[in-house]
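Taking it in order: structure first as structure tokens, then the write-up.
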Amino acid sequence: MSETGAEGQLLLHLEGFDGPLDVLLELARAQKLDLAGISILALVDQYLAVIEGARRVRLELAADWLVMAAWLAWLKSRLLLPAGSAEAAEGERAAEVLAGRLAALEAMRAAATWLAARPLLGRDVFARGTPESFVAIDRSRLRLDLPALLGAYLAALRRAGAAAHYRPQALSLWTVQDALERLLRLLGSLPDWTSLERFLPEHLARPAERRAALASTLVASLEMARDGALRLRQEEPFGPILLGRAQDAQG
Amino acid sequence: MVSGAGVPSEAGLRLAEALVFASAEPVPARVLAQLLPEGDDAEAVLAELARRYAGRGVELVWVGGGVQFRTAPDLAARLRTVVQQPRRLPRAAMETLAIIAYHQPVTRPEIEAIRGASLSQDTFDILLEARLIMPQGRKEAPGRPTLWATTAQFLASFGLDSLSALPRREDLLSEPLPQR
Amino acid sequence: MVSGAGVPSEAGLRLAEALVFASAEPVPARVLAQLLPEGDDAEAVLAELARRYAGRGVELVWVGGGVQFRTAPDLAARLRTVVQQPRRLPRAAMETLAIIAYHQPVTRPEIEAIRGASLSQDTFDILLEARLIMPQGRKEAPGRPTLWATTAQFLASFGLDSLSALPRREDLLSEPLPQR
């Protein structure tokens, strides 16, 4: 049981505690050096006395102090029951839990003290003030990856495409004049009644170029037929157009 | 003075001395091993180096899984007048740090339960700023609270080779209770 | 070995060693003098310290009005570790490289026409220096401009077996480009 004087002292110091468990640990320490040997019942009485004293002075005591006080009052009621009842056993277990929590906090407080007693880097011991770095950064290599390459290509094409002006490509087409010259040159060297296609120039890759040459050659042959320079024959509609030499040339 | 690995060569000792001196962080033995001349054993070289520096103004210590040169602890008081020093950790921060060290990984509510008091943001910030603690994943529990653990800086600051260098909890309690 | 000031004390030597080691800046003799035990001369202490460290992995050197520990210069090469930090090609260089890859052999004016932008010599030099492109003959056209093509180094750098491993242009262009 706390004396009036001790109670007053504790009350004054309540501000310095980090919570009810802190106070309980302090009270337990005052009882015994070994936490295993403390009397939980005595501890509860002491805590309740401290809180009662504190409330007489200051009513606005923090809630967690009062919650702990209520719980301890409950614990005390259980501990006072005759042994053997279920409630008494419940009290025993709760008392053990409390003792365990106090021991755990005590251990951590001891650990903190142990740590604090060690030479602390930067306060008690010092590492090298001017560490040297022997790490050389080599930036000579390139980071290359395919997605970046492809992305760059697309970006270039898009940008250029957006900027470019439309310019129709100039086609070099087989003109009627070209066809006339070729017909005149070939007419004597080919057999009579040769298909019009045979008079087309070779190496015309694109279909458009082939069609243009065919049209030009047909126009040229019609022109020459009108002048009597050659004869044209078509056996059936859409059949092959055949070119023959002029009759006077045949003799 | 040295085990069966043979007497370390002077070249190996010079290299180890230079490497550990130059490094800002503790140097693990395996890093040294890559640099040493053929036939020199890293552990043996470090042991001999530690022997040569024993009792001098600068000593070789094993911290955070490696070795580091540090000024001798007994010189602290005189050096503090010249070398800048960090502020002391408040009691709440020190206790919180101890709880994290022993219970890691641990959530903030768990720390508060052990201390029986709520944890102020200030206390937490001090530990974070000093790079003594760091988040380490989340707990698979409602709300998925962040788990906290100590850092390599914690080991280095307190001169611990590893977490297992912390005293066992039972040994802490068997010692007489420290006065607050 | 020491001047008239007398033999430096071991305590003085330890303190000097620790102070110089821990300091971020070179330590002037007068700063050391304030810390030394009665009777120790700072200059003499530093001279003796330098003598003890001579030839070791770490040496005491006079720099910028004070003393500092420095790793022995002959060990620097062995301690150096090179960290590769590859850089990326600038955008213009990457675009140019891509155009050469897809249109090779291609002249510089043609590249400029495709990119719709002029090509700086710098950009070209980067690709040449990295041995990603090379000249490949000349075009039979007025001025006989140089034709450019990619190198074997280009294939190796991008992990390509051959140029045919590049995705086809048609597969690349999911949307039709504006007509040129």
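Throughout, a chain's letter reflects where its sequence line sits, starting with A, and its residues are numbered from 1.
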A:Thr113 vs B:Met94, side-chain contact (heavy atoms from CB on, under 4.5 Å): CA-CA, chis, key distance, verdict: CA-CA 8 Å; A:Thr113 308; B:Met94 213 55 198; over 6 Å; no
Please set out all donor-acceptor pairs under 3.5 angstrom arising from side-chain atoms of residues 125-135 of chain B, sequence neighbours excluded.
from: B:Asp125; atom 1: OD1; to: B:Gln121; atom 2: NE2; distance (Å): 3.0
from: B:Arg131; atom 1: NH2; to: B:Gln153; atom 2: OE1; distance (Å): 3.3

Distance (rounded to the nearest 0.5 Å) between [X] [atom1] and [Y] [atom2]:
{"X": "B:Leu119", "Y": "A:Asp18", "atom1": "CG", "atom2": "CG", "result": "9.5 Å"}
{"X": "B:Phe158", "Y": "A:Leu121", "atom1": "CZ", "atom2": "CG", "result": "10.0 Å"}
{"X": "A:Met108", "Y": "B:Ile111", "atom1": "CE", "atom2": "CD1", "result": "11.5 Å"}
{"X": "A:Leu115", "Y": "B:Leu89", "atom1": "CG", "atom2": "CG", "result": "9.5 Å"}

Closest contact, heavy atoms only, B:Gly116 versus A:Arg101: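 Looking at all heavy atoms of both residues, the closest pair is CA-NH2, 4.0 Å.
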Residues 59-71 of chain B, side-chain donor-acceptor partners within the protein, below 3.5 Å, at least two apart:
from: B:Gln68; atom 1: OE1; to: B:Arg70; atom 2: NE; distance (Å): 3.1
from: B:Gln68; atom 1: OE1; to: B:Arg70; atom 2: NH2; distance (Å): 2.9
from: B:Gln68; atom 1: NE2; to: B:Ala24; atom 2: O; distance (Å): 3.2
from: B:Arg70; atom 1: NH1; to: B:Ala156; atom 2: O; distance (Å): 3.0
from: B:Arg70; atom 1: NH2; to: B:Ala156; atom 2: O; distance (Å): 2.6
from: B:Thr71; atom 1: OG1; to: A:Phe126; atom 2: N; distance (Å): 2.8

Electrostatic pair B:Arg115-A:Asp22, nearest N-O below 4.0 angstrom: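 Between A:Asp22 and B:Arg115 there is no salt bridge, as every charged N stays at least 4.0 Å from the carboxylate O atoms.
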Test side-chain contact (heavy atoms from CB on, under 4.5 Å) applied to B:Ile114 and A:Leu21, step by step: CA-CA 9 Å; B:Ile114 293 169; A:Leu21 214 55; over 6 Å; no
Residue, of A:Gly19, A:Ala116, A:Ala127, A:Ala111, that accumulates the most heavy atom pairs under 4.5 Å with chain B: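 Sorted descending by pairs with chain B, the first entry is A:Ala111.
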Checking [X] against chain A: side chain, backbone, both or neither under 4.5 Å from a heavy atom?
{"X": "B:Ala165", "value": "backbone"}
{"X": "B:Ser157", "value": "both"}
{"X": "B:Leu166", "value": "both"}

Heavy atoms of other groups near B:Glu25 CD, more than 12 under 6.0 Å: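 12 or below, so no.
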Heavy atoms from other residues, nucleotides or ligands near CZ of B:Arg144 exceed 12 (cutoff 6.0 Å):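 More than 12 heavy atoms, drawn from other residues, nucleotides or ligands, come within 6.0 Å of this atom.
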Donor-acceptor contact present, side-chain B:Arg80 to main-chain A:Arg123, <3.5 Å: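 Yes.
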Residue A:Asp64 versus chain B: region with a heavy atom under 4.5 Å: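 For A:Asp64, no heavy atom lies under 4.5 Å from chain B.
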side-chain contact (heavy atoms from CB on, under 4.5 Å) between A:Glu106 and B:Leu172, worked out: CA-CA 9 Å; A:Glu106 181 61 33; B:Leu172 283 171; over 6 Å; no
Option in B:Thr96, B:Val58, B:Leu160, B:Leu97 with maximal non-hydrogen atom pairs under 4.5 Å from chain A: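 That would be B:Leu160.
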